[in-house]
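Everything on this sheet refers to the single structure shown next.
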Amino acid sequence: MHWADFTAQRLKKERGDSQTLASGITPSGEIHLGNLREILTAEMIHRACLDAGLESRYIFIVDSMDPLRRVYPFLSDEYERYIGHPLAFIPAPNPNGTPTSDGVSYADHFLQPFLGALRQIGVVPEVIMNHETYANGGFAAKIESAIEHQDEIREIIQSISGRELANDWFPYNPLGSDGSMDGVVVTGYESPYVNWTDRHGEKGKADIRKAEGKLPWRVDWAARWGIHNISCEPAGKDHGAAGGSFDTGLPICRLLGSEPPGKMVYEWIQLKGMGPMSSSTGNTIGPIEALGLVPPEIIRYLIARSKVNRHIDFDTGSALFEMADEYERLVANPPTGDDQDLNKRQRIARDTQIGAMNLSQVAHGGDPADSVAGVSFRHLSMLAQIKSDDDEIWSSLRASGHISNEPSQALVGRLSRMRNWIDGPHFPDDARIAIQSSVSKEARENLTSEQVAFLAELRSTLNDCEWTDTAIVNCIRRTTESVGISGRDSYIALYWVILGKHHGPRASSLMGEIGRDRFLDLLDI
RNA sequence: GGGCCUGUAGCUUAGUCAGGGUAGAGCGCCGGGCUUUUAACCCGGUGGCCGGGGGUUCGAAUCCCUCCAGGCCCGCCA
C-alpha cells in the first residue's frame, strides 16, 4: 500500500470521517523545492483520504504574520528598519533589493509565484494568510487561553525543549509603535488588550482580536492546529527533533483545549552532493525552475515514489533522466496481476507503484496515460540536440515508430522543456552531445588502419554527396563496401571522429546538422 | 551532550510497522537481434553472506540487544 493510503487509513481510525490536512510556509524569501515536499506530502494524503471516501480539506497556511528576522543577502540595507515587522505589512523587494512602493507586500511577493507553480503541479489548496486569521479574531480565544496558562506553557517549553525562557517572556508578542515586535515588553493584560512598552519608550496596547501582535512560534503552531481542526500536518525533520516544536506543540495544543494531530515527520530534499537546500548558501532550486526542466507529473512522482522518512537527492543530471524514464515505463506498463497469483511482497509492490503513479497525476483522478509522451527523455534529449527544427524531430519519431501521427500535447511540452533544459546549466554532461573540434588523441589510438582508410575514402566521396540524410547514409554504405570493412567498424570510426566515443546517435543525422565543411575538416586526419 | 533517519547487487531502490515461497525491480554492464550502430527498439545474461555480531523462533532483511558507518536536527529561525 502507498504511504498516502496507509496514512489515510490511520487518520480514519484516529480521527474519523472528516480530515483536515495542512501544510505551512514562511514567505521570507524565495520558496524552494524542498518546501514542495511538505506540501505534496500533505496534498497526497488529502487525495488518499478522498479516495478512501473520507471528507477532507487541504489548507495551506502562510506565515504572513511572522516577522522579518534579518536583512537577507538579496535585500538592501533599507530593510534594516523592517526587521521585526510582520511580512504581510512590509513592502516587497525590487530585483535590486530595495523596497517597492506599489503596495505589494513582502509576503505576497514571494507567495504568488509559488502558488502559480503549485497550480501547475495540480495543488490547489485553501490558502490561509495567518495575519488575516489574527486580524479577524480567529486567534483571540487561543491567545486569551495561552495568556491564562502562561506559566504552564513556559514550563512545557522549558522542560521539553530544555531552553531557558527570559524572565519577561510572554506568550504573545505585540507590535510596538513602529510596527516591530522587537524590543517590545509586555507590561500587563486587561482582556482583550495586552499592554506594552516598546524600545522607544512608547506605551500602548494590542487588541488580541486584531493583527496587533502574534503568538510565539511554538504556541502559534499549537494554537492553529486547534483553530483549523488540523488532523495531520507533516513537519520537517527539524521540527521533529526531540524537544522540537512538535514535541512542545502537543501538550500546548491540549492545554489550549484541542486535540493535536499525530506526529508525521518528513525528511528533506537535498541537491545531490550539496547538502540540504538553503537560500542563504544559494544551494537551491525553485519549483519554477524545476518545472522548466521536467513536467509537473515528474515533480509529483519524485515525491510520490519516495518514502516520507527517506531523504531525497534531487539530481538535475542523469538521475533526473532515469526517474523521468522510470515514470514513462511505469505508466506505459503498469504492474498487474491478481492477488492469488502474487505473494505478499509482490502485492505490496504492485499497489505502491500504482498508488505512486496515480498520485503523480496533475489532476486528481486523471488518467496517467494522458501524461506520457511515448518517448524516453534520453532519446528526446538526443534528438533535441541534433535537430534544431521541431518538425524534423516529429518525422524522426514517426520513422522510428515512437509516434504514429501528430505529436501529443504531452510530447510537445516535453520537447520545449527539453530544449530549455539543454540550454541551461542543469543539463548533465554525460547526456550532452559534444561535437569534436578536432580528432582526439584517444580517438586516433582507437582507430585501426582500415578505419583510417575508410575515413580517407569517405572524405573524397562525401565531396560530391548531396547533403541529405539518405544521401549520406548511401554514401557511407558505398564507401564501406568499397573499402571492404564491416558496417559496424565504419560507424565506430565515425563516432570516434565526431564525438570521441565509440557509439552515438544516428550518425547521418549528426553529420547533417554539423554541415559538410565542418565535417570534412574533422576528417582531415 | 540530547535525539531522529538511513545502511539490501556497480548505482537508485521494493520488501521491515502486521516474521514464513529460491530477497523483487529499474538503471548500468555483458551478449545477441533489428539484411550495416538512432544513446532508439526487442530478447537473453551477469550481478546481493539484506552494514557486522549476538539473541528470540520450526522459520529473521523483517522482532530484541549491541557495535560500526553515513546523513541530519536541536539558537524567541520556521
Side-chain angles (χ1 to χ4, degrees), chain A residues 1 3 6 10 24-28 35 38 63 66-67 69-70 157 161-166 168-171 173 181-182 215-221 235-247 263 265-268 270 275-276 280 305-313 315 318-319 321-323 325-327 329-330 335 342-350 352-353 356 375-383 385-386 396-397 399-402 430-433 469 473 476-477 480-481 485-492 494-495 499 501-510:
Chain A
M1 187 182 305
W3 52 259
F6 186 82
R10 200 194 77 213
I25 204 166
T26 306
S28 59
N35 297 303
E38 169 161 338
D63 295 325
D66 280 31
R69 304 283 173 196
R70 58 192 172 88
I157 293 177
S161 77
R163 179 185 311 159
E164 281 291 303
L165 294 178
D168 61 358
W169 184 87
F170 191 76
N173 299 327
M181 291 172 219
D182 285 0
L215 295 165
W217 158 246
R218 285 175 187 254
V219 185
D220 182 299
W221 203 24
K237 63 169 173 183
D238 44 349
H239 299 298
S245 44
F246 208 102
D247 283 358
K263 190 167 184 172
V265 177
Y266 62 89
E267 263 282 351
W268 286 3
Q270 318 198 3
S280 60
R305 74 178 190 134
S306 308
K307 299 209 293 191
V308 174
N309 63 1
R310 294 186 76 117
H311 88 256
I312 295 176
D313 273 325
D315 181 346
S318 42
F321 268 104
E322 273 164 36
M323 184 183 68
D325 285 340
E326 178 184 307
Y327 175 81
R329 283 191 302 270
L330 176 62
L342 303 173
N343 62 33
K344 180 182 158 191
R345 266 184 225 161
Q346 292 171 316
R347 283 198 301 274
I348 291 173
R350 177 197 61 187
T352 305
Q353 286 194 306
V375 185
S376 76
F377 274 64
R378 201 165 277 281
H379 187 49
L380 190 62
S381 84
M382 175 195 74
L383 292 176
Q385 287 179 86
I386 60 176
S396 167
L397 288 172
S400 58
H402 284 91
D430 63 355
R432 203 177 280 286
I433 295 175
D469 212 278
V473 170
I476 293 173
R477 180 186 300 154
T480 301
E481 286 162 2
I485 67 172
S486 76
R488 185 185 176 90
D489 285 343
S490 63
Y491 274 95
I492 289 175
L494 278 172
Y495 287 117
L499 300 175
K501 299 178 183 177
H502 83 287
H503 67 301
R506 191 177 174 85
S508 53
S509 303
L510 276 175

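Within every chain, numbering begins at 1; the chains are lettered A, B, ... in the order of the sequence lines, protein sequences first and strands thereafter. On a predicted model such as this, the values are computed, not experimentally measured, just so you know.
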Specify the separation, in whole Å, of atom [atom1] of [X] and atom [atom2] of [N].
X: Arg329(A); N: A40(B); atom1: CZ; atom2: C1'; value: 14 Å
X: Asp247(A); N: C74(B); atom1: CG; atom2: P; value: 14 Å
X: His239(A); N: G3(B); atom1: NE2; atom2: P; value: 21 Å
X: Lys263(A); N: C4(B); atom1: NZ; atom2: P; value: 8 Å

Ala349(A) or Glu164(A), whichever maps to the more 5' nucleotide of RNA chain B: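 Per heavy-atom nearest nucleotide, the more 5' residue is Ala349(A).
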What nucleic acid atoms does [X] come within less than 4.0 Å of, heavy atoms only: base, sugar-phosphate, or nothing?
X: Ser396(A); answer: base
X: Asp66(A); answer: sugar-phosphate
X: Thr26(A); answer: sugar-phosphate
X: His379(A); answer: base
X: Arg378(A); answer: nothing
X: Ile433(A); answer: base
X: Glu326(A); answer: nothing
X: Ala431(A); answer: nothing
X: Pro505(A); answer: base
X: Arg218(A); answer: nothing

Listed nucleotide nearest any side-chain atom of Met382(A), set G71(B), U38(B), A14(B):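 Per side-chain heavy atoms of Met382(A), the pick is U38(B).
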Phe6(A) side-chain proximity, nearest of G75(B), C17(B), U38(B):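 Of G75(B), C17(B), U38(B), C17(B) is nearest to the side chain of Phe6(A).
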Nucleotide pairing, RNA chain B (Watson-Crick or G-U, distances under 3.5 Å), in dot-bracket with [ ] and |: (((((((..((((......[...)))).(((((.......))))).....(((((..]....))))))))))))....
Minimum side-chain heavy-atom gap Ser161(A)-Asp247(A) below 4.5 Å: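 The answer is no; the side chains never approach within 4.5 Å.
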Set of residues satisfying salt bridge (Lys or Arg N to Asp or Glu O under 4.0 Å) with respect to Glu267(A), sequence neighbours excluded: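 In terms of salt bridge (Lys or Arg N to Asp or Glu O under 4.0 Å), with neighbours along the sequence ignored, Glu267(A) is linked to Lys237(A).
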